[in-house]
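Written below as structure tokens is the structure these notes are about.
Throughout, numbering of the chain's residues begins at 1 and tracks the sequence.
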Amino acid sequence: MDEQALLGLNPNADSDFRQRALAYFEQLKISPDAWQVCAEALAQRTYSDDHIKFFCFQVLEHQVKYKYSELTTVQQQLIRETLISWLQAQMLNPQPEKTFIRNKAAQVFALLFVTEYLTKWPKFFFDILSVVDLNPRGVDLYLRILMAIDSELVDRDVVHTSEEARRNTLIKDTMREQCIPNLVESWYQILQNYQYTNSEVTCQCLEVVGAYVSWIDLSLIANDRFINMLLGHMSIEVLREEACDCLFEIVNKGMDPVDKMKLVESLCRVLQSAGFFSIDQLTVLSDQQKANVEAIMLAVMKKLTYDEEYNFENEGEDEAMFVEYRKQLKLLLDRLAQVSPELLLASVRRVFSSTLQNWQTTRFMEVEVAIRLLYMLAEALPVSHGAHFSGDVSKASALQDMMRTLVTSGVSSYQHTSVTLEFFETVVRYEKFFTVEPQHIPCVLMAFLDHRGLRHSSAKVRSRTAYLFSRFVKSLNKQMNPFIEDILNRIQDLLELSPPENGYQSLLSSDDQLFIYETAGVLIVNSEYPAERKQALMRNLLTPLMEKFKILLEKLMLAQDEERQASLADCLNHAVGFASRTSKAFSNKQTVKQCGCSEVYLDCLQTFLPALSCPLQKDILRSGVRTFLHRMIICLEEEVLPFIPSASEHMLKDCEAKDLQEFIPLINQITAKFKIQVSPFLQQMFMPLLHAIFEVLLRPAEENDQSAALEKQMLRRSYFAFLQTVTGSGMSEVIANQGAENVERVLVTVIQGAVEYPDPIAQKTCFIILSKLVELWGGKDGPVGFADFVYKHIVPACFLAPLKQTFDLADAQTVLALSECAVTLKTIHLKRTLKQMYIHRADQEELALWAKLCGPRMCSVSSTRIPAFLASSSRDNSGVLPSASAA
């Protein structure tokens, strides 16, 4: 091998050597026989450098993984012999190989196993075990190989092709038949031999058992000898955690509920016989049992504690694992609360009180976990609607006492983000405490508003506090009245819009500011002020936004740089979003009109709508204004209607599919809410909207452009949803007044949607439209020619759609489409158009035409059965055929 290149494998080598080593590795991967040099180096122990050994295993790994099928039988045999020789050498080495080398070797063994076990190496495990025996170094490698094999076969994080998945299933089935009992026996022997002398090997073996138990015969593990051994391991501190994990995997194994019950019962018997507990005594705990449960509770509480290495500012994989671990501990604490809720409450209270008495001199992790335990009690001891401070007197008194301590102790000033966040989370969770003791509200509000909360040095704390402050104010809006104007004054600087050119870094992000604007709106709307004062406060809140919006829009129109245009458009969008968010404070009890704020929001509309005519950054600006219009339709009701025609005209200019998809729900909202009031507007914009839709749908697109196809499908659905809204709102005259040619064009598109497009959601909507049109127009007063349209198009569509090969009745949406298809036929029957068709057209020639229309699958239906079907469809609601005179 190139000795100079190998020097670059050393971590301390300079960049030139490392680049040369990397190039050499790529060269060896391409070379057809370079792997043999690496195999020989491993078998003969040519190199002592760990990084070169690892390098050789990497070359072998690449060969086995990607080029094994290209090797001759002799070459494949050489790889097997190389690995066995290396394994034998490990039994004699004075020092074990480094962990990273052993793990890489195990991966190569596992890759070779999945490649050869079913064909050329059925005695893989026998050969391995015959080499390692009970040698501790050999056992270590054997267990690592087993874990690597499990990872290859079972690990869901590894993406496998369908062929690999089939292969893995076959390997597992073969292992169950041929070698699993022997492997299980080897695990038992390892555990028995090393449980007191080699904790590392024992823990490895327990990990293997826990991994394999998910797919092997459980009776091999869930028996007296294994379970008793696991229980024994629980009394050995270094083995306890791994033994618990193993026992958890055994109980967690997916199986039939009856079998699971049998397993749990058998485990309970073993645990009882081992003296762990008595099922008969669990209803009433003895003093000793109480002491045991309390000890477990305290142990769980201790494990909830952060360690010194936790990185709060840059949370990575280790931090995520601890957060997940905390969730598991929380579930365990909930289970313990079911055993003895009084004991948990007393334990938490004791820990909480002792910690907060001396919080200034206590480590942050202990203070945080003390507050966290109070927070967790809300779910461990659940009550209806958060009524923790009523009902059970002793429990309410204990929680009230702890909350009083929390808000009066000054712990909110603790200089660590985890404690600060936990304080605010707990205050908001127990917001009903402040209805019992409202005298504490001012100090908590100050904590939210000063350097402890919204002005904290940590952006993470500021962001979370903005959300929690919004929740706190909304939940206690009745108690906020004395503090409203003071709060509004204190948050004034947090409401400022930060344009890109001012260089001012706002304390809060735009997303966080949304919560502050919503909070301000809630304070104003829910106040006890008269309408005039509410209007003045709302105008004070929104006027700066409107003024800034006008200035920024003018700057955007003049901006040349695209990046500057984008930043200005974002800022404008934020301004509209903030104004929109304040409107969430209104309700049916406190409407915009009742609060006297209509004029303020109408001014906002007049300010924001000119952005629709801006030719720059149209997507961002239109999206923001469209969202504001949605809110104003709800809040201002008919007062918004004068603004709709102009806004619609601008939003229909230069449309893309996405623009139309987002515009149509706005029109649907207006139509459904105002109905006849907007009929003139709808009649005027109906065909321009349809022309815009058809123009986008008819644009050519590349055959394989999935994105364009999906956009068109979604736009088609939106189009049909619009027609459904118009017809469902009793506005069919909007369609009828578009002229006969346009009406027919619209109806034909609905028929196409019902039959031709393999989209069951659109098909369902189309049949709903057709059913409604038949209901409205199917009588004598319907539009001229509609009866013929029913005969020629709607009825055939009801048969043609289900006969399509793409009409998949295994799909739930398709079943719904079929249901609406049947409703359409029933509606036709009720309007008698189906019966009239039968009376006027039911001769043999017409029936033959029907059969031809419906295709080969319908031709098998005899002509005598079709009239019978039509006759049965003509029954009245009582199920009796009408008399001849009635017909």
Determine whether I236 and T202 make a side-chain contact, defined as any pair of heavy atoms from C-beta on separated by less than 4.5 Å.
no
Answer yes if the ring centres of F113 and F125 are under 6.0 angstrom apart, and no otherwise.
yes
Q713 side chain to Y757 side chain, donor-acceptor N/O pair below 3.5 angstrom:
no
Parallel, tilted or perpendicular for W121 and F124, by the 30°/60° rule?
perpendicular
Taking all non-hydrogen atoms of both residues, which atom of V154 and which atom of K172 are closest, and how far apart?
CG2-CD, 4.1 Å
Carboxylate-amine/guanidinium contact K658 E662, below 4.0 Å:
yes
Between N182 and F126, is any pair of side-chain heavy atoms under 4.5 Å apart?
no
Any side-chain heavy atom of Q76 sitting closer than 4.5 Å to one from E116?
yes
Verdict with reasoning, R167 to I171, per side chain to side chain contact (heavy atoms under 4.5 Å, CB included)
CA-CA 6 Å; R167 177 205 66 191; I171 289 174; 4.1 Å; yes
Expected output: side-chain K253 to main-chain V213 donor-acceptor under 3.5 Å
yes
Chi angles and distances behind the salt bridge (charged side-chain N to carboxylate O under 4.0 Å, His left out) call for D759, R717
CA-CA 9 Å; D759 179 0; R717 286 183 186 177; 2.9 Å; yes
Checking the side chain of K104 only, and the main-chain atoms of F55 only, is there a donor and an acceptor separated by less than 3.5 Å?
no
Residues two or more places apart in sequence or in another chain: which of them pass ring pair (Phe, Tyr, Trp, His ring centres under 6.0 Å) with Y306?
Y310, F312, F322
Do any N or O atoms from the side chain of N228 and from the backbone of D224 form a donor-acceptor pair under 3.5 angstrom?
yes
Decide yes or no for Q204 and Y194: does some side-chain heavy atom of the first lie under 4.5 Å from some side-chain heavy atom of the second?
no
Taking only residues two or more places apart in sequence or in another chain, which ones pass side chain to side chain donor-acceptor pair (under 3.5 Å) with Q77?
R80, E81
Under a 3.5 Å distance rule, please check whether E324 uses its side chain to pair with a backbone N or O of M321 as donor and acceptor.
no
Side-chain contact, heavy-atom cut-off 4.5 Å: C203 with E207?
no
Salt bridge between E185 and R225, side-chain N to carboxylate O under 4.0 Å?
yes
Within a strict 4.5 Å, meaning less than it, do heavy atoms of the R144 and T99 side chains meet?
yes
Run the side chain to side chain contact (heavy atoms under 4.5 Å, CB included) test against I768 and tell me which residues pass, sequence neighbours left out.
Q724, K764, E820
Side-chain touch W86/C56, heavy atoms, less than 4.5 angstrom:
no
Stepwise side chain to side chain contact (heavy atoms under 4.5 Å, CB included) test for V184 and Y212:
CA-CA 10 Å; V184 172; Y212 277 73; over 6 Å; no
Determine yes or no for a side-chain-to-main-chain donor-acceptor pair under 3.5 angstrom, with T824 supplying the side chain and F767 the backbone.
yes
Is there a donor-acceptor pair under 3.5 Å between the side chain of D140 and the backbone N or O of P136?
no
Evaluate the side-chain proximity of V139 to N193: yes if any heavy-atom separation is below 4.5 Å, no if none is.
no
Decide, yes or no, whether a salt bridge links R699 with E656 under the criterion of side-chain N to carboxylate O below 4.0 Å.
yes
S151 (side chain) donor-acceptor with M147 (main chain) under 3.5 angstrom:
no
